[in-house]
Structure formats: C-alpha cells, structure tokens
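Labels below follow one simple rule: chain letters A, B, ... track the order of the sequence lines, proteins then strands, and each chain is numbered from 1.
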Amino acid sequence: MTTAETETVESFRLRARAWLAENMPRLDADAPLPTLGDDDHEWVRARELQKLLHAGGFAGICFPREYGGLGLSPAHQRAFTEETAGYEMPVQLNIPTFSIVAATLLDMGSEEQKRERISAAIRGDEVLCQFLSEPSGGSDLAGLLTRAELDGDTWILNGQKTWSTSAYAADWGLCLARTNWDVPKHRGLTMFLIPTEAPGLHMNRVKMVNGSREFCEEFFTDVQLPASAVVGEVNNGWAVASRQLFHERNAVGGGSPYVSGIAGRPRALGGQSLFTVARATGRAAEPGVRERVGEWVALEAVKNQMVSRVSRAIGSGALPPPAASLLRLFHAEAAQRGTDLAMDIAGAQIAAGVGTDEGVTGRAGVSYLSRQGASLGGGSSEMARNQISERLLGMPREPAADRDIPFNQVKRGRV
Amino acid sequence: MTTAETETVESFRLRARAWLAENMPRLDADAPLPTLGDDDHEWVRARELQKLLHAGGFAGICFPREYGGLGLSPAHQRAFTEETAGYEMPVQLNIPTFSIVAATLLDMGSEEQKRERISAAIRGDEVLCQFLSEPSGGSDLAGLLTRAELDGDTWILNGQKTWSTSAYAADWGLCLARTNWDVPKHRGLTMFLIPTEAPGLHMNRVKMVNGSREFCEEFFTDVQLPASAVVGEVNNGWAVASRQLFHERNAVGGGSPYVSGIAGRPRALGGQSLFTVARATGRAAEPGVRERVGEWVALEAVKNQMVSRVSRAIGSGALPPPAASLLRLFHAEAAQRGTDLAMDIAGAQIAAGVGTDEGVTGRAGVSYLSRQGASLGGGSSEMARNQISERLLGMPREPAADRDIPFNQVKRGRV
Amino acid sequence: MELELTADQKLFQSSARSLLEKDHSLDRLRRLEPGESAWDRDSWQRGAELGWAATIVPEELGGGSVSGEGVRDLTLLAEELGSVVAPGPFLPVNVVLAGLVAAHGTGPDHTATIEALVAGEQVAAWAVYEPGGHWAPEAAHVAASPTADGWRLDGTKDRVEAGLQADLLLVTATTPEGLAQFLVPTSAEGVTTSPQWALDLSRPLAEVRLDGVVVGPDAVVGTPATTAEIVEKQLQIALLVQCAELCGGLEKMFALTMQWGFDRYSFGRPLASYQALKHRYADMRTWLEACHSTTQAAAEAVQAGSPDAPQLVSVAKSFVAERAQWILQDCVQLHGGIGVTWEHDLHLYLRRATSDRALYGTPEDHRRRLADLSSL
Amino acid sequence: MELELTADQKLFQSSARSLLEKDHSLDRLRRLEPGESAWDRDSWQRGAELGWAATIVPEELGGGSVSGEGVRDLTLLAEELGSVVAPGPFLPVNVVLAGLVAAHGTGPDHTATIEALVAGEQVAAWAVYEPGGHWAPEAAHVAASPTADGWRLDGTKDRVEAGLQADLLLVTATTPEGLAQFLVPTSAEGVTTSPQWALDLSRPLAEVRLDGVVVGPDAVVGTPATTAEIVEKQLQIALLVQCAELCGGLEKMFALTMQWGFDRYSFGRPLASYQALKHRYADMRTWLEACHSTTQAAAEAVQAGSPDAPQLVSVAKSFVAERAQWILQDCVQLHGGIGVTWEHDLHLYLRRATSDRALYGTPEDHRRRLADLSSL
C-alpha cells in the first residue's frame with residue numbers, strides 16, 4: 001500500500017468507532033474482580049474476540065498486509081486503542097503473543113514462519129508464547145542450559161524452562177537452546193519455534209503468592225524438531241532473543257505498536273484502584289489518605305506521559321532503542337509505590353477480609369505480597385539499570401566472569 | 001589502678017553530679033542559635049571549659065592515668081555524660097581532638113607523643129586535628145598525592161589537604177603523606193604529627209552551602225619535620241590511618257568512649273528540633289505533621305539505641321570492629337530523613353525567612369542544602385556499605401584497578 | 001535478639017525450638033485448605049507446658065520465668081516463634097494475661113482464669129477491633145449496659161486473633177462510665193464467632209457477634225479507673241511480641257537471602273559480588289541491627305515498668321514494622337521470580353509482617369502517638 | 001524539553017541563551033552581598049526586547065510567540081532560564097500577564113498595563129501569600145472594603161517574588177463578595193515593601209504591608225465571578241514555569257554529574273564504573289525523562305486550554321518538584337564533599353528547586369488537589 005492509499009487516522013478512528021459500537025461487547029464495569037489462578041474461560045473469550053476483530057477488519061493494525069495485518073501506522077493503532085475504551089478486548093493476546101512473539105517473528109522469522117504464525121495469531125486461531133528463562137538462570141538469560149543436538153536432520157531438545165507467561169494457553173512457543181558448548185555463551189545458542197503439543201514437552205502451571213497461575217514451567221525430554229523449526233540462524237539465536245527482549249521491554253513499558261486495546265484494570269493492585277481502597281476503608285476524607293491517592297494519580301499519569309514521549313522518541317530516533325529500559329524501570333517504580341500507598345491507606349484493614357472473602361483491603365494485602373513482580377517480570381529492574389547506565393549513558397560495563405570464555409568452562413552457582 | 005581501687009560507677013556519678021552543680025555553667029536553653037561560620041569564641045570557651053573539667057578531676061575519663069586521664073571505664077564516661085545534661089560542656093573537643101586524634105595517638109603514638117599531646121589536650125591546652133583527605137581523593141584516601149621526602153634527618157612535606165575539621169582552631173594535626181611511590185598505595189604512606197604553626201603550612205577556611213566554615217584546606221610548601229614527627233613506622237602510615245578511620249566511624253556513629261558530654265543540638269537540622277519547626281509553621285495540629293514529627297522522634301531514638309547496642313557488641317567482641325559502619329550508615333539515613341521531614345513540615349515557608357532573618361523555617365531550608373553532609377563526612381555512606389558487605393558480611397571485594405600496582409603506575413582521573 | 005543469654009535462657013530457647021521443629025512446618029502452612037485451622041489445642045498445650053504462657057505471670061499466680069525477667073523471656077520466645085512463623089495463640093493469650101495480671105487486685109478476681117491460661121487448659125483472645133475500624137481501643141462501639149445483676153453486651157468485633165478457637169474473649173466495651181473490659185466465654189448465649197479471611201495463613205481471625213450477651217459482675221477486668229492503664233499494658237505486650245517475632249523472622253529470611261547471594265551465579269559471578277546488590281545487603285543488615293536494638297530497648301523498658309515504656313514500644317513498632325517490609329521485599333527482589341512463588345517461604349513471612357504492621361496500631365498510628373506522648 | 005523544535009524556536013532559544021551568557025553569571029549570584037539585588041531593570045528590559053514577556057499575550061495586546069503556541073515558547077524559555085538559575089521577574093511578570101490576559105474583556109480594561117509589561121517598561125509581582133500561610137489563594141486575609149469611589153486595602157502579604165523591584169502588585173484580597181484581585185502600584189500611599197530573607201539567592205522576595213491603601217474601581221482585575229478562573233490560569237502559568245525551569249536546571253546538573261563520574265577516579269577506576277553508582281545514574285536519568293514528559297504534557301494541555309489542564313499541572317508540579325530534590329541531592333552525593341561547598345554550583349540549583357517546591361503549592365498540596373479534582 002502506498003502512502004497515497006493509506007486511510008487517514010481520523011477516518012480510521014471514525015470507522016473504528018462506528019464498528020466497535022455495533023459489534024464489540026461492552027465491558028461490564030460492575031463485574032466482580034476475577035479470581036486469580038482460574039482464567040481458562042478468559043482465553044476462550046480472547047480467541048473469540050480476536051476472531052471478531054479480524055472479521056471486522058481491525059486485527060493486526062500495525063502488522064504488514066502480507067502476513068495478515070493492516071499495514072497501518074502506530075498512530076492508527078493508538079486511535080483504535082483509544083476508541084476501544086469501554087469495550088471488551090482480547091487484551092490477553094497483547095503480551096506476549098502480538099507484541100513480543102509475533103513482533104520478533106516479523107523481524108527474524110523465515111517467510112514461512114511469518115506467513116503461518118503471525119496470520120494465525122491475527123485471525124485468533126493461535127496463541128504464542130516464549131520458552132526462555134531457566135531455573136538456574138535469573139538475569140543471565142544467555143547462560144541457559146537447555147540443549148539441542150542434531151541427529152541427522154532432526155534436532156533433539158532436552159532441558160527445563162520456567163516463567164513462560166500463559167504458555168498453558170498457547171499453541172506455539174519460541175524456545176532458546178544451547179547448540180554449541182565450546183564457544184562463549186552468546187555464540188552457541190539457537191532459537192526454535194515449537195508446538196506446545198510436541199511429544200516430550202511436559203508443562204506445569206506455577207502458583208504465585210497472590211494465587212495467580214499465569215506462569216508455567218516446562219520439561220523437555222527428547223523433543224524432536226525439524227530443521228525448519230529454527231528461527232534465524234543456527235548458533236545465532238542470541239540475535240533473535242535480543243529482539244525478543246527489546247520487544248518485551250517495549251511492551252511491558254507500554255511502548256509497543258502491536259498492543260491493541262487498553263490493558264485491563266491495573267494488575268499491580270489486584271485490579272483495584274486506590275479510589276476503591278480509600279472508599280472501602282471509610283477514610284477517604286482524611287487529608288493523609290487524599291495525599292496518597294493524589295500521589296498515585298500523579299504517578300499513573302506520569303507513567304503514561306512517559307510512555308508516549310519515550311516511544312515517540314525511539315520511533316523518531318531521538319533516543320536509541322535501549323531507552324525502552326527507562327519505561328521498564330519507571331513502570332516498576334510506579335507499580336510498587338502504588339502497592340505501598342494502597343497498604344498505607346488500607347491501614348489496619350489490610351490484615352483481614354470481610355467474612356471469608358478477602359474483600360477490597362484483603363486484596364490490597366495480597367497484591368502487596370507480589371509487589372516485586374513489577375521489578376522482576378520482563379527483566380529485573382537491576383538489569384534495566386545496567387542497560388540504562390551502560391547502553392544509554394555509555395558507562396563502563398560490569399566485569400563479567402563469563403565473557404569470551406567457552407561456556408563449558410564458566411563457573412556456575414549452587415542454585 | 002587495680003579493679004579493687006576503682007571507684008564504682010554510681011559513686012562516680014554522684015560525685016560528678018555534685019561537682020557539676022557547683023562548678024559547671026548551666027546551658028541557656030533560650031540562647032539564640034549560633035550563626036554558622038562565626039565560631040572563634042566557641043573555641044576559646046571550649047578550652048576554658050576543658051580546663052575547668054581538668055581542674056575538677058573529670059577530664060579524660062577513659063584515657064590512661066599516665067597520659068593525664070582518669071583510667072576509668074566507658075560506663076563511668078556514660079554516667080558522667082548523662083549527668084552533664086543541661087550544663088555547658090567543651091563538646092567541640094569531642095571530635096576530632098579526643099575521640100579520633102588522641103584515641104589514635106593512644107593506640108599508635110610514641111611514648112613521647114602520647115605523654116605530651118594527649119595530656120595537653122586533656123588539660124585544655126591543646127586542640128588536635130587531622131590532615132587526611134585531598135582534593136583529588138574522595139573515598140580513596142590511600143590514593144593521596146602529598147609527598148614527604150627525607151633530606152638528611154629532616155622530612156620535607158609538599159602537597160595539599162582538605163576537609164580538615166576545625167583545623168583553624170587546632171595546635172597539632174595528624175598528616176598522612178606518601179613516602180614511597182614505587183610500591184602499591186597502602187605501603188608507601190607515613191603518618192606525621194605536625195604543629196599547625198609550622199612554617200610553610202598555609203590554611204584557608206572552606207565556606208559550605210549552609211554558611212559553616214568548620215572545614216579547612218591546607219597547602220604544604222617545603223614544611224620541615226623532624227624524625228620524631230613520625231607516628232608509628234615509616235611507610236606503615238596506613239596502619240595509623242586505619243585506626244583513625246575506625247575511631248572516626250565510632251565517634252561519628254556515637255560509639256566512642258572518649259566523647260564526654262552530650263553533643264549540642266542536632267547539627268543536621270541546623271540546631272533545631274522538628275518540634276520547633278512544627279510549632280513555627282502553626283501546623284502542629286495537622287495529623288500529617290504529627291506523623292512526621294513522630295517518625296523523627298522514633299528515628300532519633302532508634303539511632304541512639306543502636307549506638308548503645310552496637311558499641312557494646314564491639315566492646316564485647318560479639319561484633320567485629322567494622323560493625324561501626326552500621327552506626328555510620330544509619331546515622332546518615334536518620335539525619336537525612338530528618339531534614340526531609342523538616343522540609344515537608346515547613347512546607348511553603350521553607351522558601352523564606354521572617355524579615356531579613358532566615359527564621360526557623362528558612363534555617364530548615366538552609367539545613368536541607370547540606371542534607372548530604374551526613375552521608376559524606378567521616379567517609380561516605382557508599383564506603384560504609386562497602387565495609388559492611390565486605391568486612392561484616394564477607395562478600396567479595398570490589399575489583400580495584402590499583403591493587404598490588406606500584407602507585408606511580410595507577411591511573412588517575414581528570415578531577 | 002539479646003546479645004548475651006544465660007544458660008537457663010538458652011535452654012528455654014532450645015526447648016521451644018525443639019517443640020516447634022516437631023509440631024510445625026512451613027509446608028503444612030502452605031498447604032492448608034480453606035477453613036482448616038493452622039493450629040490445634042494440643043500443640044498449644046505442649047507449648048504451655050514449656051512455659052509459653054507463664055513468663056509474664058508472677059509465680060504466686062502460677063507463672064514464672066527462667067531469667068526472673070519475664071518480659072525478656074517473652075521476647076526471646078516470640079523471636080523463636082517468629083523465626084518459623086509459628087501458628088498458635090501465643091500473642092493473644094499473653095496479651096490477655098498481661099491484662100489480667102495488671103488488673104489483679106483492682107477488680108473481680110480472675111486467679112482461676114490466669115492459672116488455666118498459664119497451664120494451656122484454656123485459650124483466650126483479645127476482642128478489641130471492630131468492623132471497618134482502625135486502632136482506637138478507647139472508642140469501642142460495643143456497648144455494655146448494666147443490668148440488675150451484671151452486664152449486657154451488644155455489638156460486633158472483628159480481627160479477633162484465635163477467636164474461633166478461644167474459650168474466653170477479653171472484650172473492650174463502652175459502659176456508661178467509660179471503657180471497660182469483660183471476660184466473656186465464647187460458649188455464652190448470644191456469642192457467635194465466625195471465621196474471617198486473614199492475610200497471615202498462620203493466624204486465623206474471627207468476627208464475633210455479641211447479641212444481648214449477659215455476663216455477671218465478676219466478668220469485669222479491673223475497674224473503670226484502671227482500664228486505660230490495663231489496656232496500655234496489653235498493648236505493650238502485643239507490640240513487643242510483634243516486634244520480637246518480626247526480628248526473628250527477619251533474621252531467618254536475611255540469612256536465607258545471604259546464602260542465596262553466595263550460591264546463585266549470574267554471568268559467572270555470585271550475586272554477592274555485584275556492588276549494587278552488596279549495598280542493598282548492607283542496608284538490610286543495618287536495618288536488621290536497628291530492629292534488634294529498638295526491640296531490645298523497648299523490652300527493657302517494659303520489663304522495668306519504666307515511664308518511657310509507652311514511647312519506646314511505639315518507637316519500636318513504628319520502626320520495626322516499616323523496616324520489616326523494606327527488608328522482606330528486598331529479600332524477594334534479590335531472590336528473583338522464585339521469591340514470589342507460593343512454594344517459596346518468603347511470602348509466609350511477608351504475610352506475617354504485613355499483618356503485624358496492620359494490627360495494634362500501624363506505624364502511622366504509633367508516630368502520631370509519639371507526637372501525642374511528646375506533648376507536641 | 002520538547003523532542004523537536006522548529007527553526008524559529010531554536011532561534012528564540014539561542015537568542016535567550018546569548019543574552020543570559022552576557023548578562024548573568026552564577027559566580028555573581030554566589031558573591032551577592034546581603035541586600036544587593038540579584039537583578040536589575042535594564043537586564044530585564046533586554047529580555048523583554050527578546051520577547052520574554054510576550055509569549056502568552058495575544059498579538060492584539062502587544063504580545064506574540066514565535067511558534068504561534070505561546071505556552072510552548074514560554075516553557076522553552078523557562079527551561080533556558082532555569083538551566084542557569086537566571087534571576088529576574090520572568091515568573092511573576094508572566095503570571096500577572098496570564099491573569100490580565102484571562103481577565104481581558106470581563107472587567108476594567110488593563111490594556112495599557114499589559115503593553116507596558118510586555119515591553120519590559122513595567123514590572124509586576126503577584127502578592128498572593130500571607131505571613132505564616134500556606135498555599136490557599138482563595139483564603140486571603142487581606143481585606144478589600146468598598147469605598148465611595150473604589151476600594152481600600154488592608155493587610156500583609158509576603159513571599160512576593162520581585163516585590164521590591166515591581167511597579168505594580170497583583171494583590172489577592174477578600175471583598176464582601178468574595179475573592180478579588182487588584183492591581184496596586186507599589187508607589188501608592190500606604191504600600192510598604194521590605195526585603196524578606198530568601199533561600200533562592202537569585203529571587204529576591206518581599207514582605208508587603210497594605211495600610212489603608214486606596215485604589216480606584218479600575219484597579220480590579222476581572223470580576224468576582226471570574227476571579228477563581230483567572231487565579232487558576234495564573235497558577236497554571238506559575239506551575240509550568242516552575243516545572244520547566246526545574247527541568248532545565250536538572251538537565252544541566254545531571255550532565256555535570258555525568259561528566260564528574262567519567263572524570264573522577266577512585267581506586268584507579270572512574271566513578272562511572274561502580275555498579276552502585278551506575279544504578280543511581282540510571283535512576284536519575286529515568287526520573288529526568290519522566291520530569292520532561294510530565295512538564296511537556298502539562299504545557300500541551302495548558303496551551304490547548306484542555307479541561308484536564310488543572311489536573312496535569314498538579315501532576316507535573318507534584319512530581320517534578322519531588323524528583324528534582326531526589327536528583328539534585330543525589331548529584332551532591334555523587335560529587336562528594338565538594339558538592340556541599342559554597343563555591344560549587346549545585347547549591348544554587350538546589351536553592352531554586354527547594355524554593356520552587358515550596359511556592360505555588362507543595363507536592364502535598366497538589367496531591368490533595370488531585371484527589372479533589374478526581375472527586376474522591
């Protein structure tokens with residue numbers, strides 16, 4: 001599509017507004033908060049909603065037309081997202097399906113991978129996930145131990161992954177494995193695209209402190225993969241993973257063009273706003289409580305203003321891509337301050353629920369238990385600070401004891 | 001003196017109480033706050049008060065009798081200090097004269113140095129200071145550039161020092177200089193005891209942001225010193241400096257047995273308590289202000305409780321000496337939180353004084369300007385954290401680019 | 001923790017430790033079904049046999065402490081219990097005992113109840129919070145109306161720790177003469193206890209309805225004139241137990257996180273070699289020392305009945321409860337993702353700390369109390 | 001700072017920069033004697049000639065902006081001035097202009113005053129604070145009583161920026177009909193201005209006594225019905241100028257501290273190689289970006305006269321003023337002892353930031369305002 005043929009943002013917006021009003025179900029603002037850990041029905045619903053968007057011609061707005069998208073600009077996507085306020089949307093598919101996995105395939109996948117997986121995701125037929133982290137890994141993703149070995153034309157995969165967000169609901173996953181142990185760690189990795197139903201892949205859901213079960217851990221035992229499962233080049237998997245991490249930072253920070261629809265209620269606070277908490281405690285008139293609510297309002301606003309500024313700056317080249325870590329870091333800070341403020345406001349009521357129900361203040365308490373989630377998921381805040389200081393500010397890199405050393409000679413810890 | 005002859009703490013306390021009531025001038029609680037930067041009269045007064053204590057037999061309580069002290073225990077000192085509440089005391093002499101310089105001489109000085117300097121200080125005849133830091137140095141004290149060279153029997157000193165607390169009021173100073181450039185930095189240093197009136201020593205007072213002029217900078221130009229000026233051994237000055245640093249941490253943290261009398265009003269807040277600030281703003285009834293005052297009360301209490309516990313533990317060996325850094329670090333945190341709370345309470349009034357006077361809230365503003373003083377003076381908080389993690393918790397030391405390298409080959413910065 | 005313990009104290013401590021190892025596991029806590037109690041009466045009985053309800057009770061009332069300084073022994077125990085997030089009515093039973101002992105001699109005689117509590121034969125709970133309310137023990141909405149031969153109590157309490165398991169409730173109520181406390185059997189007609197969702201898995205809470213509950217004149221604890229002072233004593237014990245158990249828990253989780261820092265490698269180096277992390281360990285270590293210092297100082301003041309005991313327990317509570325959060329959340333951060341999983345121990349301690357922070361006055365409440373006590 | 005500037009804006013910016021380089025030095029600020037003013041009328045006049053008092057004034061009233069979006073140009077200028085802690089009445093003159101422009105057409109005509117202010121021929125100051133008071137413009141104690149042919153003003157104002165140098169004061173006062181604003185010449189009988197100690201060396205403050213000051217009916221700005229709205233406009237301009245000048249100052253001090261980190265060595269390594277310090281630089285860089293983001297968003301809303309402008313200026317002020325302190329104090333810490341000496345530049349910025357934090361609503365004030373505006 002040439003520039004001349006592109007619909008204007010305003011025209012697109014008006015068309016979207018009309019279509020949404022006619023076709024999309026409205027959000028029920030009074031719906032009870034979902035119980036964490038029990039979300040299978042949400043995934044069924046997300047696929048239905050995505051199919052609806054696709055049928056209406058509003059799916060994959062920023063993805064190229066040849067892979068099933070609309071080939072429009074981020075401004076079109078923003079306009080659409082603004083219009084979706086108040087409507088149900090398949091927001092579960094934003095991260096990681098569209099904004100991380102599909103975005104990475106678009107950058108690095110084979111023509112076949114792009115055509116098949118991206119378009120299936122846009123149609124609402126498939127959900128995508130990532131198999132990256134490992135139990136021994138932490139921030140050192142490239143130090144992973146899962147191995148893939150060639151047996152004739154077939155790759156044989158063995159190892160263990162964890163922290164795979166919503167992998168239980170996915171059809172395909174990007175899996176990073178070590179294919180050469182005799183070179184420094186980044187140079188011996190290969191990325192594979194794996195069906196989650198592959199024989200030899202066993203998956204568990206991990207229960208979190210707040211009851212959520214969105215993460216999975218996977219055990220790979222002699223999983224067989226064809227040569228066409230490789231994404232990018234053999235032993236060049238780190239290049240693919242780097243794009244994934246870039247897209248992940250962007251998505252978590254809120255700067256991805258592949259995110260469609262406004263994320264649900266703030267996860268960090270268990271889906272509750274501080275207004276809800278302040279009202280539930282009966283303390284909304286206290287100046288100290290009002291100060292805290294106002295602080296939260298300001299932080300949320302600044303977070304969004306920053307997303308808009310920084311993603312624009314990365315887009316225009318005014319800031320380099322590692323600037324996405326600024327969003328990542330501030331997102332965590334704002335989310336954590338939010339849980340702290342909620343705890344302050346809940347006061348003596350955070351310890352208990354109402355009857356056998358956790359209630360508003362009890363939920364604030366449960367959210368507080370996973371306070372650090374915001375500075376751990378999608379790369380820790382510490383890694384974001386390393387990125388910012390080293391990549392954005394140009395400060396000397398941390399001495400790494402595994403740099404330029406064959407991976408099979410690198411020291412490993414006891415846990 | 002054997003244990004049998006030692007006066008009990010209670011008897012000493014009662015005797016002190018009576019003597020103080022009869023001899024020591026009472027503090028005037030309503031006296032206006034002193035103007036920072038203009039304190040010459042305070043030093044005259046401090047010497048007078050010290051002479052008074054000495055005449056009454058209450059000077060140098062924990063110093064050995066052979067060097068002019070009383071040879072009593074820290075418990076005696078604590079009892080005496082408790083009794084001095086409400087009396088004028090020569091608190092200017094606590095740091096660095098007694099608790100750092102005299103304490104270090106006691107540990108490391110020659111018999112002559114101990115007999116002459118310690119007793120003169122106890123008599124109120126002399127004030128002592130330290131010439132340690134250098135403009136290029138920062139936390140890396142041992143990387144200093146001041147040089148001393150032997151010319152026959154005479155040491156010739158050249159270089160520059162700074163951050164010498166109250167050196168302008170002192171008679172003698174401990175000065176660390178480099179005497180060998182061909183060995184790693186710690187092994188080429190020597191400590192000297194220098195008269196502040198030595199020819200070739202030029203001194204300026206440094207004006208701080210809050211108007212204080214307690215620090216000096218010194219220029220040494222061919223200052224000549226006899227062999228007897230060396231404290232400890234030639235090229236083993238680091239051992240002496242280490243004791244100084246230990247005593248400094250102890251003193252700043254509040255754990256020194258050579259401190260006599262309660263320090264004046266809290267320096268961190270410009271001599272004002274948060275009660276004063278809260279009352280001056282007319283906001284003392286606001287719950288948020290009361291919360292902040294209460295937080296300050298608690299922090300001050302915890303700081304003192306911690307001094308008492310940790311210094312007891314170091315004394316008994318339950319904690320190793322580097323534990324003094326715990327006090328150092330917490331002291332800074334409490335002081336800084338105090339200035340922040342004062343700023344919050346002063347609110348809109350911190351920007352201005354009353355007429356042309358800074359007033360209570362303006363003084364809170366000025367104190368806020370030197371907020372970081374608490375985490376810089378006496379070694380930075382960053383160095384304290386290094387100490388705690390490496391010396392107390394046994395974590396790996398930071399890689400130093402100057403370790404085991406002859407000092408004349410070490411890289412230096414541009415500032 | 002105190003820096004030095006006597007041989008008797010060490011024995012007392014190790015007997016507690018052995019019993020806890022036998023009767024209690026964090027894994028059991030983690031796998032509790034909804035409605036299942038975290039503790040049973042038998043286990044508490046065994047604790048009582050080791051003196052867990054005896055330390056602050058004078059010998060003539062059936063109590064006794066190994067060091068002769070009951071409050072010290074109480075905090076020593078609280079640290080042990082806190083270090084394993086032990087369930088059981090240790091806090092409420094000792095708080096009620098603090099009240100009964102303080103009231104002893106000033107109102108109706110409760111010697112028999114004291115003895116039964118010390119022996120672990122009975123369990124008591126303090127019913128002081130009311131639904132939707134914050135820390136304001138003096139402002140009870142539960143009403144106690146004088147009847148011909150006693151009192152009639154009406155109203156609702158909540159966040160009653162051990163309320164479901166207790167035989168007796170110590171209820172704060174407003175009488176025509178002001179605040180008073182009443183010992184009410186949970187079996188009395190008109191008393192309904194029901195379970196209440198609790199953040200701390202180890203400490204079941206209850207809602208208690210009092211519907212025209214009739215008690216005799218001997219149910220009163222102390223006298224109207226002494227109630228405020230008795231409640232203050234109860235509060236002091238509650239705060240000390242909280243602070244000491246937090247110290248115990250923090251010590252344990254800090255040690256775990258230290259070990260993790262040495263064992264866990266990233267980029268070929270242990271976490272403990274990264275300066276940004278080392279500095280956070282240093283802060284945590286400093287705060288931990290400060291927590292011990294203020295808890296110990298508060299315990300000494302309460303033990304001595306010192307006039308600054310009310311201040312010092314508020315200093316300790318406001319400080320320790322806040323720093324416990326800082327330290328535990330940082331322990332989670334240093335552990336990484338595993339620190340926010342259900343299978344890890346950290347959240348069990350974080351639940352306890354968050355609950356302790358909330359109950360018997362938040363740090364904010366105690367800071368305002370410090371301003372009040374300083375006559376600002 | 002905006003991400004992209006037009007050529008006209010860049011020219012406007014560089015002309016401001018040249019004048020500041022010529023007329024102003026931090027060193028002069030540092031060496032001011034007590035009583036000596038930080039700025040003079042001539043220098044302000046030269047600024048006015050470059051359009052410093054024209055941006056938010058419509059062309060028909062003698063103003064004009066280079067980008068056609070006056071608020072954008074105003075914040076651009078404020079950043080430049082803030083980056084060198086420039087003295088002068090930039091903030092008060094533009095705040096008064098915002099009020100006069102907003103009132104234009106609704107009350108007495110002030111066209112001549114507007115033109116004189118734009119041209120730099122007159123200087124005006126907003127007299128809104130009162131001794132001992134906090135931010136509460138609606139609650140003036142200065143009383144305006146109607147007389148036969150005008151008004152009589154009595155009371156005291158303080159923290160009047162540029163009050164000593166101003167020709168005109170815009171005074172908030174309570175009339176029988178509510179709050180109103182009056183333009184009062186400082187030369188009027190009964191007006192006494194006296195210097196007031198100020199934390200910010202670059203911004204002289206004044207106390208102003210109004211002792212039976214008589215003004216005509218044409219001294220009123222706007223009408224009783226529009227006063228609240230006019231004051232809100234003035235506040236928005238004050239807050240934007242503060243936030244933008246803070247951003248400019250932070251940018252400068254952060255750059256200075258970055259350079260220090262690379263140039264200063266400790267233990268044979270640059271400070272910038274220490275992870276604990278690198279992480280603090282990363283935090284500062286993040287906060288700085290957030291400060292720019294929220295200031296720019298507020299400027300856009302004020303420029304557009306958007307209904308959420310009141311919220312967004314409060315968001316920006318509450319955030320930027322707080323983070324400015326965090327960043328500047330950390331810059332001091334990273335500099336070490338030299339950062340707290342009189343000879344270093346940092347305290348000049350810290351004085352400005354601390355003063356800006358205090359005036360026109362503290363972060364706490366604006367957070368409460370955000371709760372009010374959110375109808376909590």
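Between the side chains of D:Gln329 and D:Gln333, not a single donor N or O lies within less than 3.5 Å of an accepting N or O. No donor-acceptor contact under 3.5 angstrom links the side chains of D:Thr286 and D:Asp283, judged on distance only. A side-chain donor from one of A:Gln305 and D:Thr294 sits under 3.5 Å from a side-chain acceptor of the other.
Between A:Asp140 and A:Lys185 there is a salt bridge, since at least one side-chain N of the basic residue sits less than 4.0 Å from a carboxylate O of the acidic one. Looking at A:Arg371 and A:Asp340, a side-chain N of the basic residue comes within less than 4.0 Å of a carboxylate O on the acidic one, giving a salt bridge.
For the ring-ring contact (aromatic ring centres under 6.0 Å, His included) condition, the pairs that include at least one residue of residues 306-330 of chain A, sequence neighbours left out, are A:Phe330-D:Phe319.
The candidate with the highest count of non-hydrogen atom pairs below 4.5 Å against chain A, out of D:Leu370, D:Val315, D:Leu312, is D:Val315. Interface remark: of the candidates D:Pro270, D:Cys291, D:Ala290, D:Ala290 forms the most heavy-atom pairs closer than 4.5 Å to chain A. Per-residue counts of heavy-atom pairs under 4.5 Å with chain A were compared for D:Arg368, D:Lys278, D:Arg369; the largest is that of D:Lys278. Ranking D:Glu289, D:Arg367, D:Arg280 against chain A, the residue ahead of the rest is D:Arg367, based on heavy-atom pairs under 4.5 Å. Per-residue counts of heavy-atom pairs under 4.5 Å with chain A were compared for D:Arg285, D:Glu4, D:Glu322; the largest is that of D:Arg285.
Contacts from residues 261-268 of chain D to chain A, taken as heavy-atom pairs separated by less than 4.5 Å, involve D:Phe262 in sequence order.
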Step by step, would you call A:Arg290 with D:Asp372 a side chain to side chain contact (heavy atoms under 4.5 Å, CB included)?
CA-CA 8 Å; A:Arg290 300 182 74 76; D:Asp372 296 347; 2.8 Å; yes

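Atom CD of D:Glu138 sits in a crowded spot, with more than 12 heavy atoms from other residues, nucleotides or ligands closer than 6.0 Å.
Proximity to chain D (any heavy atom under 4.5 Å) is restricted, for A:Val310, to the side chain, taken from C-beta onward.
Between A:Ala346 and A:Thr281, the shortest heavy-atom distance links the atoms CA-CG2, 3.7 Å.
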